[in-house]
Amino acid sequence: MAGYKPVAIQAYPVLGEKITQDTLYWNNYKTPVQIKEFGAVSKVDFSLQPPYNYAVTASSRIHIYGRYSQEPIKTFSRFKDTAYCATFRQDGKLLVAGSEDGGIQLFDISGRAPLRQFEGHTKAVHTVDFTADKYHVVSGADDYTVKLWDIPNSKEILTFKEHSDYVRCGCASKLNPDLFVTGSYDHTVKMFDARTNQSVISVEHGQPVESVLLFPSGGLLVSAGGRYIKVWDMLKGGQLLVSLKNHHKTVTCLCLSSSGQRLLSGSLDRKVKVYSTSSYKVVHSFDYAASILSLALAHEDETIVVGMTNGILSVKHRKSEAKKDSLPRRRRPAYRTFIKGKNYMKQQDDILINRPSKKHLELYDRDLKNFRISKALDRVLEPSCAIKTPEITVSIIKELNRRGVLANALAGRDEKEISRVLNFLIRNLSQPRFAPVLINAAEIIIA
């Protein structure tokens, strides 16, 4: 038995996602901070001005959080019913929000009581936004109408009645104060021009529209509804550029990265996907614990905030760059010190002395050496081995099969032991690298 040869653990190709620059960039966030809100988080919006606070709309309250605070630094709760779509103005000084009762309230960030109240919608207002000139607000509601409001006079300027179902999303152009876009459950996305009193472009999304996003340049429009995300070229009259179907459930929110080169989408399938805006391919994906309703990115992508249906707000902060130690470190031996003499060639008069190194057998090798085949198989089926290093388990099964004792090793097992074997087979049989070996084991168990 002194000449026992240990089982050679076969090296299998490692399966895993390809490491790209996007993988490194989007994985460079700390462990998420989770904040419990009073209800489903329907909207998250970042201020565009320092210190880049963000507004969270949940239930009948709007909370303002600092970038790194886990408690609200301000709360607006002057709502009789559910609040919707709290949105900052471009200068970060004003905040506008809709509500279930059809009212729209305008708040000063430094105060608590509403500065203005706009009454005119007869049903819930789900989308509000400031126009590019900062003096008007556009709103869309469940009464099928889109309205334009004047902030100084608190008056309604225009009403558009072109939608035939709930208007649930919208956004205003960042360049032209007269242009704004709305999406409706009538499957259409319309661009309105305040100068013409009617829509200038209308596109058919094909599903109830949950979110729309206008690129900063105003040339591209993104709509989300059902499982589809569609990109439209507004400079060509609303021509469809690409249709994406990467989510398994309804897409609820859209967001652009700070550079404008990545598009993010959140869905009820609990995933956030990141797309390249040049190829429109998925370059990264995040997983969350519950269905996602809202999504926002801070300045320079420093923070990603996701709101979910269970009222949890997930906040991820980017890892800071490693700081160099100010204290001088003790100098350690150079690399060449450790490899000194590694490539030394024996001279004619040299005497080479080999120091035999004692090799210790692994526990499963000891069992195989003593013909304890069932014990060897049990050892490699332990979770610490079967889950972390399945290639060792597969190699032992292969060795037992080569010896012709695999059936004996599997025989005489009770229900608990055989379920452990079956769990390993179910988990790994679908992998091409393990399939040839595991199919034999599965046939023996079935037989």
Side-chain angles (χ1 to χ4, degrees), residues 84-85 87-90 94 96-99 101-106 115-225 230-240 254:
Y84 296 113
C85 198
T87 306
F88 280 104
R89 195 166 74 170
Q90 295 88 322
L94 296 181
V96 67
S99 65
D101 59 11
I104 302 168
Q105 298 189 39
L106 183 72
L115 278 181
R116 297 280 189 276
Q117 293 192 7
F118 305 103
E119 302 291 342
H121 286 292
T122 57
K123 291 187 179 179
V125 178
H126 280 269
T127 174
V128 285
D129 198 6
F130 289 96
T131 58
D133 61 7
K134 305 178 186 177
Y135 298 118
H136 298 90
V137 170
V138 59
S139 63
D142 285 357
D143 59 7
Y144 309 168
T145 64
V146 178
K147 294 180 183 289
L148 184 66
W149 308 85
D150 182 58
I151 294 176
N153 298 323
S154 302
K155 290 184 179 179
E156 176 185 323
I157 300 175
L158 290 171
T159 299
F160 302 91
K161 299 181 179 180
E162 297 189 25
H163 285 295
S164 57
D165 207 332
Y166 298 157
V167 181
R168 287 295 174 90
C169 55
C171 62
S173 169
K174 299 293 185 291
L175 300 177
N176 192 324
D178 296 310
L179 294 179
F180 45 90
V181 177
T182 57
S184 169
Y185 277 13
D186 64 7
H187 301 190
T188 63
V189 178
K190 295 180 183 290
M191 174 175 277
F192 294 96
D193 190 335
R195 296 165 294 191
T196 63
N197 297 337
Q198 62 181 6
S199 63
V200 290
I201 296 176
S202 180
V203 296
E204 180 72 27
H205 181 80
Q207 300 280 340
V209 184
E210 298 286 351
S211 182
V212 291
L213 176 68
L214 201 57
F215 273 60
S217 64
L220 293 178
L221 172 71
V222 187
S223 61
K230 296 187 178 183
V231 184
W232 312 86
D233 189 342
M234 306 310 284
L235 301 180
K236 292 185 178 179
Q239 177 181 330
L240 180 64
L254 298 169

Check the angle between the aromatic planes of Y166 and Y185 and answer parallel, tilted or perpendicular using the 30° and 60° thresholds.
tilted
In this structure, OG of S173 is separated from CG of D193 (nearest 0.5 Å) by 10.0 Å
May I ask you to check whether S202 and K190 show a side-chain donor-acceptor distance below 3.5 Å?
yes
Would a 4.5 Å heavy-atom cut-off, applied to side chains only, mark L179 and L214 as touching?
no
Of the non-hydrogen atoms in V189 and V212, which two are nearest, and what is the gap between them?
CG1-CG1, 4.0 Å
Hey, could you give me the CD1/CH2 distance between I157 and W149, rounded to the nearest 0.5 Å?
10.0 Å
Got a sec, which residues hit salt bridge (charged side-chain N to carboxylate O under 4.0 Å, His left out) with R116, two or more places apart in sequence or on another chain?
none
State the NE2-NE2 distance between H126 and H121, to the nearest 0.5 angstrom.
11.5 Å
In terms of side-chain heavy atoms, does T145 have a donor or acceptor partner in K161 at a distance below 3.5 Å?
no
Is there a side chain to side chain contact (heavy atoms under 4.5 Å, CB included) between F118 and S154? Walk through the geometry before answering.
CA-CA 6 Å; F118 305 103; S154 302; 4.3 Å; yes
Scanning both residues in full, the closest heavy-atom pair of A194 with F160 reads CA-CZ, 4.5 Å
Using a 3.5 Å distance criterion without hydrogens, assess whether the side chain of E162 forms a donor-acceptor pair with backbone atoms of S199.
yes
According to the salt bridge (charged side-chain N to carboxylate O under 4.0 Å, His left out) rule, which pairs have a member within residues 123-142, sequence neighbours left out?
D142-R168
Side-chain contact, heavy-atom cut-off 4.5 Å: V209 with S184?
no
Any heavy-atom pair between the side chains of V138 and V146 that's under 4.5 Å?
yes
Between S211 and A224 (side chain of the first, backbone of the second, donor and acceptor by atom type, cut-off under 3.5 Å), is there such a pair?
no
Distance col, row F180:CZ vs S139:OG, nearest 0.5 angstrom, shows 9.0 Å
Using side chain to side chain contact (heavy atoms under 4.5 Å, CB included), reason through F130 and L106 one step at a time and then give a plain yes or no.
CA-CA 11 Å; F130 289 96; L106 183 72; 3.5 Å; yes
Kindly state each residue pair satisfying salt bridge (charged side-chain N to carboxylate O under 4.0 Å, His left out) with at least one member in residues 171-189, sequence neighbours excluded.
D178-R195
Which atoms form the tightest heavy-atom contact between P177 and L175, and what is the distance?
CD-O, 3.7 Å
Decide yes or no on side chain to side chain contact (heavy atoms under 4.5 Å, CB included) for T131 and L148, but give the supporting numbers first.
CA-CA 9 Å; T131 58; L148 184 66; 4.0 Å; yes
Is any side-chain heavy atom of M191 less than 4.5 Å from a side-chain heavy atom of L221?
no
Measure the spacing between CG of L213 and CG of L220 and express it to the nearest 0.5 Å.
10.0 Å
Go through the steps for I201 and M234 under the test side chain to side chain contact (heavy atoms under 4.5 Å, CB included), then give the verdict.
CA-CA 8 Å; I201 296 176; M234 306 310 284; 3.8 Å; yes
Enter the distance from H187:NE2 to S223:OG here, rounded to the nearest 0.5 Å.
12.0 Å
